[in-house]
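Please read these numbers as outputs of a predicted model, since none were measured by experiment. Throughout, protein chains are lettered first and strands after them, A, B, ... in sequence-line order, and every chain is numbered starting at 1.
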Number of protein chains: 2
Amino acid sequence: MGTVNAAAPRPMRSDAQRNYDRILEVASAAFAEKGVLTSLDDIACRAGVGPGTLYRHFPSRDCLIAAALGESLGRLDALAGRLKASDDPGAALDEWLLAVANHLRTYDNLPESIAEAFRTEDSPLRASCRPLTETTSLLVRRAKEAGAIRADVEPLDIFALVSSVAWASQRRGDSDAGLRRMLALATTGIR
Amino acid sequence: MGTVNAAAPRPMRSDAQRNYDRILEVASAAFAEKGVLTSLDDIACRAGVGPGTLYRHFPSRDCLIAAALGESLGRLDALAGRLKASDDPGAALDEWLLAVANHLRTYDNLPESIAEAFRTEDSPLRASCRPLTETTSLLVRRAKEAGAIRADVEPLDIFALVSSVAWASQRRGDSDAGLRRMLALATTGIR
DNA sequence: CAACGATACGGAGACAGTCTCCGTTTTGTC
DNA sequence: GACAAAACGGAGACTGTCTCCGTATCGTTG
């Protein structure tokens with residue numbers, strides 16, 4: 001073909017970009033303050049746009065959540081890079097799981113949304129978790145090879161375990177220390 | 001005083017009793033089929049009563065859930081009786097925790113509702129869990145005394161752990177075997 | 001058994017949230 | 001500056017929650 005390739009993503013129009021940014025900014029704040037179940041119309045309103053505009057940019061709540069999670073995800077990614085180079089696979093996995101659990105607590109009710117997203121094939125929120133599950137898989141494999149954890153636990157089980165601990169600690173309003181404790185308790189069994 | 005005691009709970013009027021029963025019956029079926037988040041107006045409709053009637057009998061969704069849980073709770077209570085008499089505290093606790101986890105999976109989304117109920121002092125749903133947490137405390141104490149589990153874990157932590165496993169296994173659509181596996185994995189740490 | 005007060009019913013409708021449709025406005029290009 | 005494409009925004013359809021109050025039913029009493 002003549003054109004370079006499939007999606008030539010022509011840049012957003014300036015007003016569109018501006019609105020996109022404003023919505024994202026307001027949404028992040030709202031999610032942080034009231035959890036991911038906040039009214040979307042309300043977010044649109046606070047961002048000074050109509051509901052239609054919000055839904056055009058982010059067709060579903062999950063899209064918006066996924067976008068708002070970008071920053072936290074970036075931090076996780078940086079950590080992942082460091083941990084992949086670690087020479088203590090057991091400790092690396094521990095640190096990673098704690099970081100993932102904390103990520104899941106970024107917003108109230110986030111664990112529920114993510115768990116739900118995992119039930120539908122093409123959820124944007126699930127897609128945003130991709131690097132997260134992949135890193136988990138890698139670190140689990142390394143830990144197994146190093147004999148730091150049992151050979152018969154699957155990465156997905158571990159992810160589920162961490163999610164559920166994040167869920168519980170959020171429901172209980174636990175502190176960071178509380179999360180750490182629960183996570184340690186729940187993950188003892190993988191060793 | 002002359003009267004027997006405080007609340008002389010005069011019996012329901014016959015039509016009220018009939019409606020109460022019908023609502024409960026329909027609600028149980030609806031919860032079992034579609035989870036505890038089903039539309040209450042819809043339940044009222046199917047029970048052949050107006051929304052007002054439903055809300056008079058069960059002022060909140062939690063009230064209705066608590067009432068619908070009665071049967072499962074009865075079964076748990078019977079099991080509790082047996083386990084309290086067991087001479088193997090470790091095994092008794094294991095069996096109990098599995099039963100509790102299964103109870104929490106009675107309806108879809110029940111773990112969320114219960115976790116939420118635990119955040120408000122006078123929730124009817126929380127009240128309905130009372131015998132459940134008490135039995136857990138007792139069995140945990142016995143298991144500690146027998147040296148079957150660590151002395152530094154609290155009953156509430158264990159309850160939270162079981163809840164979160166029930167939550168996760170429900171979100172994943174796990175089978176009974178799956179639940180059993182996850183529960184074993186998550187509770188290894190208490191030993 | 002009639003009549004009356006207490007009890008309970010039920011549905012209209014207020015309210016909140018989601019999401020869409022389409023007439024209008026803004027943008028960027030020629 | 002004019003035109004087409006892109007984007008806006010808000011009215012409103014729809015769903016679910018929950019209440020209020022005029023009406024119906026029940027059970028008791030004379």
| What nucleic acid atoms does B/R61 come within less than 4.0 Å of, heavy atoms only: base, sugar-phosphate, or nothing? | sugar-phosphate
| request: Examine distances only and state if a side-chain atom of B/R126 and a backbone atom of B/R119 form a donor-acceptor pair shorter than 3.5 Å. | output: no
| A/P51 or B/T53, whichever maps to the more 5' nucleotide of DNA chain C | B/T53
| message | Just the rounded figure in Å: distance from P of C/dG10 to CZ of B/R22. | response | 11 Å
| task | Output all residues satisfying side-chain contact (heavy atoms from CB on, under 4.5 Å) with B/R172, sequence neighbours left out; order by chain, then residue number. | result | A/L156, A/D157, A/A160, B/D174, B/M182
| message | Whether A/R10 contacts D/dA5 is assessed here as follows: a side-chain N or O lying under 4.0 Å from the phosphate OP1 or OP2. Is that the case? | response | no
| message | Can you measure A/F58 atom CZ to D/dC8 atom P for me and round it to whole angstrom units? | response | 11 Å
| CA sep, side-chain torsions, deciding dist, call: B/D176, B/R105, salt bridge (Lys or Arg N to Asp or Glu O under 4.0 Å) | CA-CA 10 Å; B/D176 266 30; B/R105 301 208 309 168; 3.2 Å; yes
| message | Run B/R191 and B/D94 through salt bridge (Lys or Arg N to Asp or Glu O under 4.0 Å) and show every step you take. | response | CA-CA 11 Å; B/R191 297 206 165 71; B/D94 280 345; 2.7 Å; yes
| request: Sort out for me which residue in A/Q17, A/R13, A/R18 forms a side-chain hydrogen bond (donor to acceptor under 3.5 Å, both in side chains) with A/D15. | output: A/R13
| Donor-acceptor pair, side chain of B/Q170 and main chain of B/Y107, under 3.5 angstrom | yes
| query | Between atom CD in A/Q17 and atom C1' in D/dC8, what is the gap in whole Å? | reply | 16 Å
| Spacing of B/R171 atom CZ and B/D108 atom CG [to the nearest 0.5 Å] | 5.0 Å
| task | Please check the phosphate of C/dC9 (OP1 and OP2 only) for any side-chain N or O of B/N19 closer than 4.0 Å. | result | yes
| remark: In whole angstroms, the gap separating P of D/dG10 from CZ of A/R56 amounts to 12 Å
| field | Euclidean distance, atom CG of residue B/L64 to atom P of D/dT17 [Å, nearest integer] | value | 11 Å
| query | Taking atom P of D/dC18 as reference, at what distance in whole Å does atom CG of B/L54 sit? | reply | 10 Å
| D/dT17 C1' sits how many Å from B/D62 CG, rounded? | 14 Å
| task | Ignoring backbone atoms, test whether A/H57 places a side-chain nitrogen or oxygen under 4.0 Å from the OP1 or OP2 oxygen of D/dA7. | result | no
| query | In whole angstrom, what separates B/Y20's OH from C/dG10's P? | reply | 17 Å
| field | Closest-nucleotide ordering on DNA chain D, the 5'-leading residue of B/R18 and A/P11 | value | A/P11
| message | Please give me every residue in residues 26-43 of chain A whose heavy atoms get under 4.0 Å of an atom in DNA chain D, ordered by residue number. | response | none
| query | Heavy-atom count around A/R180 CZ within 6.0 Å, excluding the residue itself: above 12? | reply | no
Between protein and nucleotides 28-30 of chain C, what N or O pairs are separated by less than 3.5 Å?
unit_1 : atom_1 : unit_2 : atom_2 : d
C/dG28 : OP1    : A/S14  : N      : 3.2
C/dG28 : OP1    : A/S14  : OG     : 3.2

| Geometric class of the B/F159/B/F118 ring pair [parallel <30°, tilted 30-60°, perpendicular >60°] | tilted
